[in-house]
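These numbers come from a predicted model, not from an experiment.
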Amino acid sequence: MLRSVTTRALARVPSRSVRSLSSSNILLAPKKKQGAQPAKKLKQGYNKKKDGAGEKKAKAGGMTHLGFDDAVRALKFEKLAVKLDSLEIGKLQHNGLEKLQQSVVKYDDETQFALFRLGMFKKFQHHEMFESPISLVSNNTSKLSNEFIDQLDGPSINNRVCLIGEKGTGKSTLLAQAAALARSKYNNEVILLHLESPLKITEGSSDYFFNKSLTKFHQPMFTKKWLYKLRSANETIFKKLKLTRDILFTIKKQEYTLKKDENTVWDLVYKNKDFGKMASTNAFQFLLEELIHHSKEVPVLASIDDISVITTNPNTAYRHTDLKKIHVSELEIGDLILKLISGEVSFSKGGVLLGESKDSGKDTHTLRVGLRLEQYDPWLKAYECDNTIANKFLANEGVKVFDVKNLSSEESTELLEFYEATGALKVRPYPAKVHKTLTAVEQAEAASFDKTLHFEKIAKSYYTITGGNPRELLKSSVLSY
Amino acid sequence: MIRNSLKVVQGAGSKIWLPVQQKSVALCVATAVRFNSNKASTITKSSLTAQVYPINKESISEKDVDDWLAAVKSLRQKHHPETEAEVYVSQLADPHNVVVDKFEPSQQQIEEAEALKSFKIPGKQDALLSHLTNLIMRSGKKARAEKIVHNALYIVYLKTRQDPVALLYDTVNRLAPVVTTRVKRTGHAKNYTVPVALRKRQAENFALKWIIEGSEKKRSPDFSVRLAEEIISAFEGKSAGYDKRSQMHKAAMTNRSYVFLIK
């Protein structure tokens with residue numbers, strides 16, 4: 001028995017350890033745990049994982065992962081805004097536009113949806129401040145109504161207008177107002193062809209291939225997306241327009257025929273999938289011809305914002321097989337834009353409205369020469385002035401110029417009053433320079449703070465600072481604290 | 001000499017005098033008649049110079065030049081111009097005597113100016129916002145820091161629909177600690193942790209720093225969005241700054257027996 005205990009105890013003594021005089025320490029040491037596992041061998045290999053690499057990272061909290069510009073648009077802050085019904089503001093209408101002069105208006109619900117789908121409410125216009133998009137009926141609005149909207153009964157070749165003006169003066173807003181006025185005038189029976197920015201054609205984000213029969217480059221991905229917007233905005237009117245010709249197309253190896261005087265334009269844009277197909281099709285040209293045909297009864301308003309994108313950089317990001325850049329006129333939609341500008345594509349009833357942009361990089365002479373605001377200089381380089389595009393603007397007696405002016409003093413005060421009524425603009429006393437406890441006199445002054453009088457002061461001040469530019473007015477009054 | 005170097009070029013409804021050389025006449029004509037030249041820009045009303053010295057001729061003769069030079073010479077000799085041409089040239093030489101612009105304020109303007117004399121020029125920005133801006137500012141880029149603060153307060157307004165400045169004051173007042181602790185060095189073995197009351201600006205400094213620290217844990221790549229989120233959560237009482245505040249107060253309470261050491 002004793003021998004067996006001794007042999008077991010001796011077995012626990014490490015054989016290669018330093019020899020000690022006594023083995024009692026080893027014998028009295030606590031026993032090794034039964035469940036303890038020996039250390040695993042490290043796996044050999046190149047794709048080693050670092051310690052803790054497999055563990056999930058703690059997610060950072062917060063409302064959004066977006067930056068400021070996108071966050072204010074994406075977080076749907078407009079749902080938290082003051083209800084506009086309580087402020088009793090009118091709706092933008094063509095009839096009685098004089099009565100709405102110098103007043104803030106909102107859009108009709110259907111029109112608002114159509115404009116929203118077409119991308120007419122842009123970033124940086126800060127529509128999130130209010131329940132629904134609003135705009136001010138200014139002198140520009142009534143002038144455009146007289147010069148452009150009233151001419152929509154005539155052919156579009158005689159009704160081509162380009163809005164120019166300084167940055168933030170309200171060109172894009174005026175485009176939206178023009179579309180709303182047109183819908184109001186024709187009781188929503190008007191076709192809106194709006195392109196929010198030609199940058200989407202030229203930036204190279206779409207796929208593209210050459211159509212030999214058309215001798216133009218198709219951009220199926222862009223065309224499809226644009227068509228979704230157009231059909232969504234013009235659904236009611238498209239459903240009323242009957243096709244003038246039969247059309248045959250294939251979906252998933254099955255042939256479909258749309259018959260004339262039976263099917264509508266809506267059927268064409270809804271059922272036909274050829275617009276986004278990577279194949280040489282004439283679907284878009286067919287649609288365009290249908291719209292031109294129907295423009296005898298239904299006016300077509302073609303509007304293109306940020307037209308400076310084309311005039312400043314007509315060479316797109318797409319390239320030929322020899323790596324030369326493709327000119328915008330070689331693209332199917334780019335060609336359509338230029339034909340609309342020149343009047344080669346003309347609607348029997350309608351108009352073409354263009355909007356200049358001040359954000360399209362380096363300014364060139366093309367637009368100025370095309371609008372006869374500048375004399376053509378034959379010594380200019382091709383990249384400084386594109387003759388092809390300038391001539392398109394000059395063709396058929398040229399595109400008319402509409403200079404968008406800044407707001408007047410009364411108009412800017414009206415706009416600021418609206419901001420104040422919705423709570424966006426806070427009228428508070430002038431800030432103190434330093435932290436301090438107010439004296440009795442200062443407390444009395446603070447108590448007798450006249451909000452109305454102070455509003456008049458700051459309204460004048462903002463008008464002086466901004467010169468009536470709506471963008472600057474917004475920045476200095478609402479986006480500054 | 002002068003006569004040889006000048007040529008009349010007919011183009012776009014107006015005559016232009018151009019200095020030309022013999023070989024480049026054709027080129028000069030081409031550039032003078034510009035493509036798409038604006039007809040509205042043509043001069044219809046003749047200027048005073050043209051009235052005094054008419055030059056609507058095919059070419060300037062030697063006699064015209066001699067007359068001009070004689071007129072200039074005679075003008076230099078005379079002190080008082082007599083003819084219309086002399087008066088015109090003398091006015092060109094000394095335009096200050098012609099245009100006399102004197103401003104005389106009206107009685108109303110004088111009263112307004114007097115009333116404004118007692119008016120103190122207000123501060124550019126609120127003191128608390130200025131403090132926050134300066135804490136955010138890096139490398140002296142104040143405009144950038146101001147933009148971050150403005151954008152953050154705009155988001156705070158959009159989310160809460162309240163005055164963001166008043167909201168920030170309220171939040172900072174609630175978040176700011178009242179007391180902190182400092183180590184009193186005795187020079188011996190033992191140092192004392194002593195509670196110290198904070199002034200208003202010091203307390204606000206703690207609160208603002210905690211808000212900025214808290215904003216670093218948010219997701220957005222934009223500092224203004226992160227800052228707005230943290231201000232909103234601090235306003236709602238969810239900020240980590242409240243824990244720091246209570247810890248600071250606890251430490252002060254623990255060491256309250258050393259308050260007498262403060263001088």
Side-chain angles (χ1 to χ4, degrees), chain A residues 58-72 75-82 126 128-130 369-379 385 387 390-391 393-394 398 422-437 442 445 474-476 478-481, chain B residues 12 30-31 34-41 119-131 133 146-166 168 199-201 204 214-226 228-230 232-233 238:
Chain A
K59 276 187 180 176
M63 291 191 290
T64 178
H65 64 284
L66 300 168
F68 176 78
D69 301 328
D70 294 316
V72 291
L75 289 172
K76 297 185 177 175
F77 288 126
E78 61 274 6
K79 288 184 177 175
L80 303 166
V82 179
H126 294 291
E128 67 277 355
M129 282 194 297
F130 314 111
V369 170
L371 296 174
R372 296 175 196 270
L373 298 170
E374 188 181 300
Q375 279 192 345
Y376 173 69
D377 185 353
W379 299 106
C385 182
N387 285 353
N391 281 327
F393 276 87
L394 290 165
T422 52
L425 171 64
K426 299 288 177 190
V427 181
R428 52 176 95 82
Y430 291 121
K433 281 182 179 174
V434 287
H435 272 298
K436 61 175 183 180
T437 318
E442 285 167 340
E445 277 179 9
L474 183 80
K475 274 176 78 178
S476 58
V478 179
L479 287 168
S480 298
Y481 294 94
Chain B
T31 51
R34 294 272 166 85
F35 173 71
N36 179 27
S37 60
N38 199 346
K39 287 182 181 176
S41 66
F119 182 75
K120 288 176 188 172
I121 296 170
K124 186 191 169 193
Q125 204 180 26
D126 191 90
L128 184 67
L129 296 188
S130 181
H131 192 171
T133 309
E146 277 175 351
K147 195 177 176 186
I148 289 168
V149 173
H150 293 328
N151 286 353
L153 291 178
Y154 177 63
I155 293 177
V156 170
Y157 162 71
L158 291 175
K159 184 74 179 170
T160 61
R161 298 288 164 177
Q162 293 180 32
D163 183 1
V165 179
L168 185 68
R199 288 191 297 276
K200 194 181 178 188
R201 190 176 161 82
E204 282 174 359
S215 69
E216 284 167 12
K217 290 170 189 168
K218 304 293 178 186
R219 275 193 299 171
S220 176
D222 199 321
F223 188 21
S224 58
V225 179
R226 295 200 301 272
E229 287 178 16
E230 184 58 25
I232 291 163
S233 52
K238 295 173 191 169

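Between P221(B) and H65(A) the shortest heavy-atom distance is CD-O, 3.0 Å. The minimum heavy-atom distance linking F68(A) with S224(B) is given by the pair CB-OG, 3.8 Å. Nearest heavy atom pair, residue K426(A) against residue Q162(B), reads CE-C, 4.2 Å. M129(A) and L158(B) get closest at one heavy-atom pair: CA-CD2, 4.0 Å. Shown here for G67(A) and D222(B), the closest heavy-atom pair between the two residues is CA-CB, 3.6 Å.
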Test log, rule side-chain contact (heavy atoms from CB on, under 4.5 Å), inputs V165(B) and R428(A): CA-CA 10 Å; V165(B) 179; R428(A) 52 176 95 82; 3.7 Å; yes

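Only the side chain of L129(B) comes within contact range of chain A, judged by heavy atoms closer than 4.5 Å. With a threshold of 4.5 angstrom between heavy atoms, A390(A) does not approach chain B through any atom at all.
Within the 3.5 Å criterion, the main-chain N or O of T64(A) finds no donor-acceptor partner in the side chain of S220(B).
Here K475(A) contributes atom NZ and Y154(B) contributes atom OH; the two are 13.0 Å apart, rounded to the nearest 0.5 Å. Distance check, rounded to the nearest 0.5 Å: CG of L479(A) to NE2 of H150(B) gives 9.0 Å.
Annotation: side chain of K159(B) is in contact with side chain of M63(A) (closest heavy-atom distance under 4.5 Å).
A donor-acceptor contact closer than 3.5 angstrom is absent between the side chains of Y481(A) and E146(B).
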